[in-house]
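Chain letters run A, B, ... following the sequence lines, proteins first, then strands; residues in each count from 1.
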2 protein chains.
Amino acid sequence: MTDSYCQILNRNQYKLTPQRKAVLHVLEQTRGRHMTAEDIYNEVKKTNPGIGIATIYRTLELLARLEIVHKNSFDEGKYRYEFSENDGHFHHHFLCSSCGVIIEVEEDYLNILEGELERRGFHITDHNLQLYGLCPDCHQEGNAPGKR
Amino acid sequence: MTDSYCQILNRNQYKLTPQRKAVLHVLEQTRGRHMTAEDIYNEVKKTNPGIGIATIYRTLELLARLEIVHKNSFDEGKYRYEFSENDGHFHHHFLCSSCGVIIEVEEDYLNILEGELERRGFHITDHNLQLYGLCPDCHQEGNAPGKR
DNA sequence: GTAGTTGCAAAACCTTTGCACTAGG
DNA sequence: CCTAGTGCAAAGGTTTTGCAACTAC
């Protein structure tokens with residue numbers, strides 16, 4: 001499982017340290033969770049108590065640079081990390097204003113917009129879409145939106 | 001011009017202090033610029049030298065709460081502020097990886113996606129889309145993408 | 001007059017960096 | 001070996017907060 005990521009590190013001349021393995025392992029165990037650096041730090045400390053938060057940040061920066069993880073801002077004043085989709089298909093994120101759940105939205109539908117921009121001379125390499133509102137559970141309970 | 005915003009403040013029992021007027025005035029003068037709190041602070045100091053940065057933050061927080069301004073994160077580790085569109089039509093933002101320019105994209109095209117989600121029980125109140133790539137100028141000069 | 005606002009400075013947060021020490025290949 | 005990587009602590013940058021003084025209404 002983690003092997004493929006180890007290979008990417010090796011191929012790029014990066015050392016396979018226990019710390020990096022541990023971070024990759026946590027990311028693997030928490031797929032779909034959108035972890036902050038601190039979340040990851042707390043998880044990694046369970047198996048590597050001596051690790052420093054700086055190593056977490058340095059590892060995440062490396063993994064983001066190698067496009068193994070995707071760094072995302074949900075306007076909370078900090079970043080969240082998740083494994084990148086290796087098919088190059090970036091999903092969107094829905095954030096519930098009521099319960100705070102983050103739900104991944106696989107549908108894209110941005111081709112029309114991006115095609116339009118390419119036609120005008122732009123070159124689009126990436127996008128990042130957050131949708132805000134009420135998730136099905138909170139919507140049906142009739143909770144107030146409390147727009148963030 | 002600023003009067004309408006003053007009315008919103010009044011209506012909500014907020015005092016119309018010179019500091020708040022000055023922040024609104026700067027936002028007005030810099031429409032379309034996506035200012036950071038510090039940018040606004042520096043501008044406001046020209047007319048109100050004694051103002052403190054805390055007042056800028058408190059005012060922006062208030063204006064965002066009243067939905068007079070929109071607080072946006074472009075993944076730079078800080079926020080940028082701009083007047084909200086009062087027609088409820090949120091535009092998107094394109095960020096050039098080469099020259100750093102931020103261009104507003106008026107086209108929406110998210111109705112299909114949002115309609116699909118509403119059909120599944122979600123209730124969408126807001127969205128936030130950033131597009132990354134090369135602006136027409138940098139694209140035609142053949143600059144490297146340098147994906148942020 | 002008085003509750004809401006302000007300025008200042010300190011604190012709170014998240015993230016990065018310098019440096020001496022360590023260890024993976 | 002030897003350089004990349006680590007842990008620690010300190011610094012950096014942005015935003016928030018406590019509090020006494022102030023002011024718009």
Side-chain angles (χ1 to χ4, degrees), chain A residues 2-3 5-24 26 34-45 47-66 68-69 71-81 148, chain B residues 2-3 5-26 34-45 47-66 68-81 148:
Chain A
T2 306
D3 280 352
Y5 301 114
C6 299
Q7 282 161 20
I8 296 177
L9 287 179
N10 269 320
R11 195 185 316 140
N12 289 276
Q13 323 274 358
Y14 293 110
K15 290 180 181 168
L16 201 52
T17 64
Q19 292 88 338
R20 286 176 182 169
K21 271 186 202 163
V23 170
L24 280 165
V26 166
H34 308 94
M35 308 278 279
T36 64
E38 202 186 352
D39 292 340
I40 295 166
Y41 179 48
N42 289 329
E43 281 303 309
V44 171
K45 270 198 297 193
T47 55
N48 298 49
I51 201 168
I53 187 93
T55 301
I56 304 290
Y57 278 107
R58 281 187 283 232
T59 303
L60 290 172
E61 190 269 329
L62 173 65
L63 296 179
R65 193 147 32 82
L66 294 176
I68 292 172
V69 306
K71 183 178 177 180
N72 224 313
S73 160
F74 295 117
D75 287 18
E76 310 163 291
K78 59 191 162 192
Y79 293 101
R80 291 184 178 272
Y81 301 83
R148 39 166 301 145
Chain B
T2 305
D3 280 352
Y5 301 115
C6 299
Q7 282 162 19
I8 298 177
L9 289 178
N10 269 321
R11 195 185 315 141
N12 288 276
Q13 321 274 357
Y14 293 110
K15 289 180 182 168
L16 199 52
T17 64
Q19 293 87 340
R20 285 176 182 168
K21 272 188 202 165
V23 169
L24 280 165
H25 185 249
V26 165
H34 307 94
M35 309 277 281
T36 64
E38 205 188 349
D39 292 339
I40 295 165
Y41 180 48
N42 289 330
E43 281 303 310
V44 172
K45 271 197 296 191
T47 55
N48 297 49
I51 201 168
I53 187 93
T55 301
I56 303 292
Y57 279 107
R58 281 187 283 231
T59 302
L60 290 171
E61 190 268 327
L62 172 66
L63 296 179
R65 193 147 34 79
L66 295 176
I68 292 173
V69 306
H70 197 104
K71 183 178 176 180
N72 224 313
S73 160
F74 295 117
D75 287 19
E76 310 161 291
K78 60 188 162 192
Y79 293 101
R80 290 181 180 273
Y81 301 83
R148 38 165 303 142

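- The heavy-atom pair separating B:Y41 from B:I51 by the smallest distance is CE1-O, 3.4 Å.
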Letter per nucleotide, 5' to 3', of nucleotides 18-25 of chain D [B base touched, S only sugar-phosphate touched, - untouched; heavy atoms, 4.0 Å]: B-----BS

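- Between B:I53 atom CD1 and D:dG13 atom P the separation is 14 Å, expressed in whole Å.
- Across every non-hydrogen atom of A:N48 and A:P18, the tightest pair is ND2-O, 3.9 Å.
- The outermost nucleotides of DNA chain C lying under 4.0 Å from heavy atoms of chain A, listed 5' to 3', are C:dC14 to C:dG25.
- When the C1' atoms of four end pairs are superposed on the next four at each end of the helix from C:dG1-D:dC25 to C:dG25-D:dC1, using five pairs per end, the two resulting axes differ in direction by 40°, to 10°.
- You'll find the side chain of A:L24 stays beyond 4.5 Å of the side chain of A:K21, heavy atoms only.
- With sequence neighbours left out, B:D39 forms a side-chain contact (heavy atoms from CB on, under 4.5 Å) with B:M35, B:T36, B:R80.
- Rounded to an integer number of Å, the gap from CD1 of B:I40 to P of D:dT14 is 14 Å.
- Smallest separation of non-hydrogen atoms from A:S73 and B:D75: CB-OD1, 2.9 Å.
- Residues satisfying the side-chain contact (heavy atoms from CB on, under 4.5 Å) test with B:T17, not counting sequence neighbours, are B:K15, B:Q19, B:R20.
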Got a list of side-chain donor-acceptor pairs under 3.5 Å for residues 54-66 of chain A, not counting sequence neighbours?
{"unit_1": "A:T59", "atom_1": "OG1", "unit_2": "A:T55", "atom_2": "O", "d": "2.7"}
{"unit_1": "A:E61", "atom_1": "OE1", "unit_2": "A:R65", "atom_2": "NH2", "d": "3.3"}
{"unit_1": "A:E61", "atom_1": "OE2", "unit_2": "A:R65", "atom_2": "NE", "d": "3.1"}
{"unit_1": "A:R65", "atom_1": "NH1", "unit_2": "A:Y14", "atom_2": "OH", "d": "3.2"}

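- Between the NZ atom of A:K78 and the C1' atom of D:dT16 there is a distance of 15 Å, given to the nearest Å.
- With sequence neighbours excluded, the residues forming a side-chain contact (heavy atoms from CB on, under 4.5 Å) with B:N42 are B:E38, B:K45, listed by chain and number.
- Residue order along DNA chain D, read from the 5' end via each residue's closest nucleotide, puts A:T55 first among B:Y57 and A:T55.
- Distance, A:Y79 OH to D:dT14 P: 11 Å, rounded to whole Å.
- Take the nearest nucleotide of DNA chain D for A:N48 and for B:Y81: the residue whose nucleotide is more 5' is A:N48.
- If you measure from atom CD1 of A:I51 to atom P of D:dG5, you get 14 Å, rounded to the nearest angstrom.
- From A:I53, atom CD1 reaches atom CD1 of A:I40 across 9.0 Å, with rounding to the nearest 0.5 Å.
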